[in-house]
There are 2 protein chains.
Amino acid sequence: MVCMSTVSKENYLKAIFNYNVNIGESATTKKIAEELSVSNAAITDMAKKLSEEGLISYEKYKGMELTTEGEKIALNVVRRHRLWELFLVKVLGLNWNEVHEEAEKLEHQTSEFLIDRIDEFLGYPEFDPHGHPIPSKNGTLPKTPKIIPLYEAEKGSTYEFVRVNDRDSELINYLMKVGLLLNTEMFIEDKLKFDESTMVTYNGKTISLSKKIAESIYVKLLKK
Amino acid sequence: MVCMSTVSKENYLKAIFNYNVNIGESATTKKIAEELSVSNAAITDMAKKLSEEGLISYEKYKGMELTTEGEKIALNVVRRHRLWELFLVKVLGLNWNEVHEEAEKLEHQTSEFLIDRIDEFLGYPEFDPHGHPIPSKNGTLPKTPKIIPLYEAEKGSTYEFVRVNDRDSELINYLMKVGLLLNTEMFIEDKLKFDESTMVTYNGKTISLSKKIAESIYVKLLKK
DNA sequence: ATCGCAACTTAAGCAAGCTTAACTTTTTTG
DNA sequence: CAAAAAAGTTAAGCTTGCTTAAGTTGCGAT
């Protein structure tokens with residue numbers, strides 16, 4: 001038995017993938033340990049196994065990177081996760097802050113046949129309910145427009161709200177409460193030096209968003 | 001930690017439940033071992049644990065029966081299984097012989113919240129695509145009309161095809177091929193002593209069903 | 001440059017859920 | 001009803017995926 005994939009391994013590969021993609025660096029033991037809520041020792045252990053199976057390249061004390069083979073599996077897990085999220089929102093009408101945890105479990109128990117049917121049913125969508133790109137069956141990610149954290153947006157410009165981290169259910173809950181949904185057009189009224197907050201107007205409503213929030217949501221430039 | 005439920009335990013409880021319900025007797029070590037494709041020793045092991053947790057009553061060499069508490073969990077697993085099966089057929093258009101295996105995995109990874117939404121979405125259905133009753137949220141099974149194996153049906157009477165075992169994908173495949181779907185009305189033309197087969201007419205078509213098939217599909221009397 | 005600390009690895013060990021092999025109990029049957 | 005067969009149990013041991021504790025490495029601050 002050389003390369004049996006398990007729920008645990010899928011989660012390790014997904015975590016490394018997310019780290020590589022979001023941070024653009026080799027994943028460190030500590031970061032992955034935090035991400036998966038396990039001890040550092042567990043990461044070192046698994047890193048050896050995944051390395052032996054050719055799914056990551058790993059050198060002691062030097063961090064981890066996915067191989068082509070490992071990335072293929074990670075993309076597949078991410079695909080299943082994001083398709084499930086969209087499916088639950090679109091079909092069952094769940095809120096976009098209710099789907100991450102469900103998808104986290106379903107993603108490991110979905111055959112290729114089933115996920116392809118879901119993909120087909122949804123019309124081969126490109127983005128999940130939080131604006132993350134959905135890998136296609138053959139593992140390619142749709143082109144994403146250039147996006148930046150709202151925190152870096154310029155005063156006087158207009159942006160479209162295009163992405164938020166799906167893990168932060170509390171944040172999404174807040175966004176729902178203030179009616180700030182994905183694809184909302186927002187105008188940057190001001191950026192306050194005082195508390196580093198951002199004042200935005202959308203749908204005729206003006207609110208102030210804290211630094212932390214403005215760093216967590218991503219926007220695409222519409223009008224300078 | 002007294003009573004953590006796991007995938008494995010859910011499967012043991014479900015197997016014992018099915019045995020109790022279908023056969024109406026105490027489940028034996030051997031039968032459950034076959035059902036779950038594990039060794040007898042594994043069953044004895046788990047029987048002790050489930051017994052300690054108060055989920056089954058178990059006496060060495062005497063077989064196993066669910067307690068009220070164990071039955072509650074088993075009914076819940078069965079509920080999740082059958083709702084998923086119906087959902088996959090109704091919403092994604094899977095065939096009734098494609099859903100058992102998928103449901104077998106999804107049933108363990110579905111929160112109460114999600115399964116209740118699926119239940120609601122389907123309109124609180126009473127039967128799954130194979131005619132098995134779906135336990136309600138509070139654990140009650142819908143009243144099932146008196147049904148018998150087709151093999152015991154009487155010549156000259158008319159029946160409705162109301163149930164087939166969801167595990168036998170090959171049989172269901174055959175039934176699809178000959179256009180014999182659930183809820184089809186069928187007239188018993190003849191019962192041959194020679195090979196113990198049953199000749200039935202449905203939708204203007206007459207075919208002969210082997211003893212094994214006639215024992216595996218269940219019908220409800222319509223007209224004597 | 002090196003000291004000290006954070007990050008990382010190793011080692012030993014644990015729980016779950018299996019296995020096989022040996023042994024015991026129950027059931028069947030001639 | 002006794003002996004053989006079948007069913008069930010026990011014991012020892014394995015793998016996976018974790019833990020904690022102890023030891024090692026690398027690196028930033030002085």
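Letters A, B, ... are given to chains in the order of the sequence lines, protein chains preceding strands, and every chain is numbered from 1.
Atom-to-atom, CG of Asp45(A) to P of dC14(C) comes out at 16 Å; the value is rounded to the nearest Å. Atom pair Lys60(A):NZ and dT10(C):C1' shows a separation of 8 Å (rounding to whole Å applied). We find that CE of Met46(B) is positioned 16 Å from C1' of dT9(D), with the value rounded to whole Å. With rounding to whole Å, Tyr61(A) atom OH is found 4 Å from dT24(D) atom C1'. Across the protein-nucleic acid pair, Glu59(B) atom CD and dT24(C) atom P stand 20 Å apart, rounded to whole Å. At whole-Å resolution of the value, CD1 in Ile32(A) and C1' in dA7(C) are 14 Å apart. One can place OH of Tyr58(B) at 7 Å from C1' of dT9(D), the figure rounded to the nearest angstrom. Atom CD of Glu10(B) and atom C1' of dA16(C) are 15 Å apart (whole Å).
Phosphate contact (OP1/OP2 of dC18(D), side-chain N/O of Ser8(A), threshold under 4.0 Å): present. A close approach under 4.0 Å does not occur between any side-chain nitrogen or oxygen of Thr6(A) and OP1 or OP2 of dT16(D). Proximity of Thr44(A) to the phosphate of dT10(C): no side-chain N or O atom is located under 4.0 Å from OP1 or OP2.
Within 4.0 Å of Lys48(B), counting heavy atoms only, lie sugar-phosphate atoms of the nucleic acid but no base atom.
The nucleotide whose nearest atom lies closest to any side-chain atom of Lys30(A) is, among dC8(C), dA11(D), dT9(C), dC8(C). Side-chain proximity of Ser39(B) to the nucleotides dT25(D), dT20(C), dG17(C) is greatest for dT20(C). Checked against dT9(D), dT9(C), dT19(C), the side chain of Val38(B) finds its nearest nucleotide in dT19(C). Distance from the side chain of Asn40(B) is smallest to dG8(D) among dT10(C), dG8(D), dT26(C). Between dT9(C), dC18(C), dC18(D), one nucleotide has an atom nearer to the side chain of Ala42(B) than all others, and that is dC18(C). Relative to the side chain of Ala41(B), the nucleotides dC18(D), dG8(D), dA21(C) differ in distance, and dA21(C) lies closest.
Exactly one residue among Glu35(A), Glu104(A), His100(A) makes a side chain to side chain donor-acceptor pair (under 3.5 Å) with Arg167(A). That residue is Glu35(A).
Atom CD1 of Ile148(A) is separated from atom CZ of Arg163(A) by 13.0 Å, given to the nearest 0.5 angstrom.
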**Item:** salt bridge (charged side-chain N to carboxylate O under 4.0 Å, His left out) assessment of Lys14(B) paired with Glu107(B)
**Value:** CA-CA 11 Å; Lys14(B) 189 178 61 162; Glu107(B) 68 187 10; 2.7 Å; yes

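Between Glu112(B) and Lys137(B), at least one side-chain nitrogen of the basic residue sits less than 4.0 Å from a carboxylate oxygen of the acidic one, meeting the salt-bridge criterion.
Side-chain contact check for Ile118(B) versus Arg80(B): every heavy-atom pair is 4.5 Å or farther apart.
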